[in-house]
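Have a look at the structure below, then the notes.
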Amino acid sequence: MTMNTLKKNPASVKANRNQAIPSAFPGSAFNLDDVRRFVAELEVPFSPSLIEWRVMTLSDDGTRGQIVPYADQRAYTDRLNEIFTPAGWTRKYAVTTSANFEREEDKKLVAKVFVTCDLTIHGIGSHSATGEEWADN
């Protein structure tokens, strides 16, 4: 049974609720109830005291803008350690840069920096995400 089968056929989820996770997570000791509990614990919002705000854009006159809430990476690390222990997960970063090119808005010769983070929860799976920023920032 694959994870796609589980998504398409809820009856198979119920029938296999206490079995180990299927082939999508080979060698896993976790059953579906464990994974559901882990997901629920990961979805708990952070305390407001851990939330910071970043100004992303401002209007030309500075009277309006866009702000985005975020949590410091230590909050995420602490949450993962609480749920999985420090030995239960890993994170790996890869940093790459683009070739220099002329930035359109200021005609400056600059490169971009790309950071990819791969997060693995042992026995469950992995996810990766990439962010980018101008090298001169």
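Considering every non-hydrogen atom in both Gly123 and Phe30, the closest pair reads O-CD1, 3.6 Å. When all heavy atoms are compared, the tightest approach of Ile51 to Pro69 is CG2-CB, 3.8 Å. The minimum heavy-atom distance linking Val44 with Arg79 is given by the pair O-NH1, 2.7 Å. Annotation for Ala71 and Tyr76: closest pair O-CE1, 3.4 Å, computed over non-hydrogen atoms. Closest non-hydrogen pair, Ser126 versus Thr120, comes out as OG-OG1, 2.8 Å. Ser98 and Ala111 get closest at one heavy-atom pair: O-CB, 3.4 Å.
More than 12 heavy atoms of other shown residues, nucleotides or ligands fall within 6.0 angstrom of atom CD in Glu52. Applying the 6.0 Å contact sphere to CG of Asp61 captures more than 12 heavy atoms from other residues, nucleotides or ligands.
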Derivation and outcome, side-chain contact (heavy atoms from CB on, under 4.5 Å), residues Arg64 and Leu58: CA-CA 6 Å; Arg64 294 178 293 140; Leu58 282 175; over 6 Å; no
For Lys108 and Trp134, run side-chain contact (heavy atoms from CB on, under 4.5 Å): C-alpha distance rounded to whole Å, both residues' side-chain angles, the deciding distance at 0.1 Å, then the answer. CA-CA 11 Å; Lys108 193 175 184 181; Trp134 294 107; over 6 Å; no
Determine, stepwise, if the pair Val113 / Val95 fulfils side-chain contact (heavy atoms from CB on, under 4.5 Å). CA-CA 7 Å; Val113 177; Val95 179; 3.9 Å; yes
Walk me through it: do Ile83 and Leu42 pass the test side-chain contact (heavy atoms from CB on, under 4.5 Å)? CA-CA 8 Å; Ile83 297 170; Leu42 289 168; 3.6 Å; yes
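Ile67 and Met56 fall into different hydrophobic clusters, where Ile, Leu, Val, Met, Phe, Trp and Tyr are joined by side-chain heavy atoms under 4.5 Å apart, directly or via other members. Hydrophobic clustering of Ile, Leu, Val, Met, Phe, Trp and Tyr side chains at less than 4.5 Å, counting indirect connections, unites Leu119 with Val39.
Going from atom CZ of Arg103 over to atom CG of Leu109 covers 10.0 Å, rounded to the nearest 0.5 Å. If you take CZ on Arg36 and CG on Asn31, they are separated by 9.0 Å, rounding to the nearest 0.5 Å. Note that the CZ atom of Phe114 and the OG1 atom of Thr130 stand 9.0 Å from one another [nearest 0.5 Å]. Between Trp89 atom CH2 and Leu80 atom CG the span is 5.0 Å, to the nearest 0.5 Å. Going from atom CZ of Arg54 over to atom CD of Gln66 covers 12.0 Å, rounded to the nearest 0.5 Å. A distance of 7.0 Å separates CG of Asp118 from OG1 of Thr116, quoted to the nearest 0.5 Å.
In summary, the side chains of Arg91 and Thr77 do present a donor paired with an acceptor at a separation below 3.5 Å, with no hydrogens or angles considered.
A salt bridge links Arg74 to Asp72: one of the charged nitrogens lies within less than 4.0 Å of a carboxylate oxygen.
Residues His122 and Thr90 form a side-chain contact, since some pair of their non-hydrogen atoms from C-beta on lies under 4.5 Å apart.
Clustering of Ile, Leu, Val, Met, Phe, Trp and Tyr by side-chain heavy atoms under 4.5 Å joins Tyr70 with none of the others.
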